[in-house]
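These notes concern the structure reproduced below.
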Amino acid sequence: MLLRRPLREAGATSTFYVLTAVAAFAFATCFTLNLVFQYRVVGLDPFQLVLVGTVLEATCFLFEVPTGIVADLHSRRVSVIIGFFLIGAGFALEGIVATFAAAIVGNIVWGIGYTFTSGALQAWITDEVGEESVGPVFTRETQIDLTFSIVGTLAAGALGLIGLRAPVIAAGVTLMLLAVGLWVVMPERHFHPTPRGDRETFGHMRDQFVSGLRIARSRQVVRVLLLVSLLVGLSSEVFDRLWRVRVLESFGMPAVFGGDEVVAFTVFALVGTFVSLVASLASGRWLPRRVVDANPGLPVALAALAQVVAVAGVALLGNLWLVLACVWLRGAAMAFSAPIESTWVNRNLDGDTRATVLSMNGQADAIGQVAGGPPLGALAARTTIPVALVVAAVVQAPSVIAFLRVRHATAPSSERRVTVE
């Protein structure tokens, strides 16, 4: 097959680092102003904005298994190359055509492309460098991703001054060129087809779901995790898609930015990235040692409360900077709770059920986004965006109570589990 062999093979680790840098740059370039582009240039209303995001989520959910077959049976390299090319093509289509139909089709195309890369990229580099050596590679990947995301955000601002289409199209072209470059140099020396029993299939997903329900019936903590993931999914899509529109409809851009929306939203994105990074570092280095062992539910409950307050604040406050502070607070709260929640979950689930519960957690979030996005988007279109955001905050509020009820059992550390009062 034409894609199976590189024309000029490069080192796996260096290829992975370059790929990470280019992809992070391109994604940041596209997404920094993408929703402003969809609102201002394409002219999408609140319902259409949310519907586009829902279509993307549904596409990723439905195509995860079929595209995974390519990576499992044929080639990780082929899957990654196809994936980045499709992502780029989807971006470019949306930017060039700039209609509602193009936004829908473009998001379907790039959603399918994302599922080609999901899992395949990590599996490829693990195969190439070995499980014992991949840890430092992933650490370096995170650093590269952050650095080039900032560069991409700045590039989006510069290109956006030319036109809001420009960063979307540039990102798409960049990713398609990345796919061509990977076809030329990306090595694959250690690929072995995944054994039949280990492959992701729809039957395997069904079995995971049934197993997860069985575990949830016997463990209250699993019910809490799944409930929270579902609630977050139900409420998050409308916020993620509409907070920028709320700002654009309700406030003028600050004079310090010359009233320019492109410059303003670029700065807003940079500040949000920095605040979330600080929050993530704070929780990762400090809280797990001091709080999580004593009461893991408390910090994540406080973070969930901060998210609910932030969403309500974006809906109700009448000052631009207070609204932005709420947007940044929500991002920081999510970054703050993520490492704590991950540590908590992995400590308190049996090894033989961990993968099933984590998989179901992701499925619950995706189902929530697909189920909650269109109704709240329609509510925003028929009433106002603040009304839809208040409803989203109310929907997520029970997650605070659920987390507050979580505590450690008094069992020995070797047998410790999380229970719910």
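This structure is a prediction, so every number in the text was calculated from the model and none was measured.
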>> Any non-hydrogen side-chain atom of L19 less than 4.5 Å from a side-chain atom of L182?
In response: yes
Enumerate, atom names and distances included, each donor-acceptor pair closer than 3.5 Å involving a side-chain atom of residues 267-275, sequence neighbours excluded.
{"from": "T273", "atom 1": "OG1", "to": "A269", "atom 2": "O", "distance (Å)": "3.0"}

> With E141, which residues qualify under salt bridge (Lys or Arg N to Asp or Glu O under 4.0 Å), at least two apart?
Replying inline: none
>> Between Q38 and E94, is there a side-chain donor-acceptor contact under 3.5 Å, judged purely by atom types and distance?
In response: yes
Can you list, pair by pair, the side-chain donor-acceptor contacts under 3.5 Å of residues 144-151, counting residues two or more places apart and other chains?
{"from": "T147", "atom 1": "OG1", "to": "Q143", "atom 2": "O", "distance (Å)": "2.9"}
{"from": "S149", "atom 1": "OG", "to": "D145", "atom 2": "O", "distance (Å)": "2.7"}

>> For a quick test of reading the model, state the closest non-hydrogen atom pair linking F91 to L175 and the distance between them.
In response: CE1-CD1, 3.6 Å
> Parallel, tilted or perpendicular: which fits the ring planes of W110 and Y114, with parallel below 30° and perpendicular above 60°?
Replying inline: perpendicular
>> Applying side chain to side chain contact (heavy atoms under 4.5 Å, CB included) to L35 and V245, what does each step give before you reach the verdict?
In response: CA-CA 8 Å; L35 289 171; V245 180; over 6 Å; no
> Do L324 and W243 have side-chain heavy atoms sitting under 4.5 Å apart?
Replying inline: yes
> For E128, what residues pass the side chain to side chain donor-acceptor pair (under 3.5 Å) criterion, not counting sequence neighbours?
Replying inline: none
> Which heavy atom in A303 sits nearest to a heavy atom in F336, and how many Å separate them?
Replying inline: CB-CD2, 4.2 Å
> Listed by chain and number, what are the side chain to side chain donor-acceptor pair (under 3.5 Å) partners of T15, not counting sequence neighbours?
Replying inline: none
>> Side chains of E188 and S75 only: does a donor on one sit below 3.5 Å from an acceptor on the other?
In response: yes
> Of all residues at least two apart in sequence or in a different chain, which pass the salt bridge (Lys or Arg N to Asp or Glu O under 4.0 Å) check with D240?
Replying inline: R330
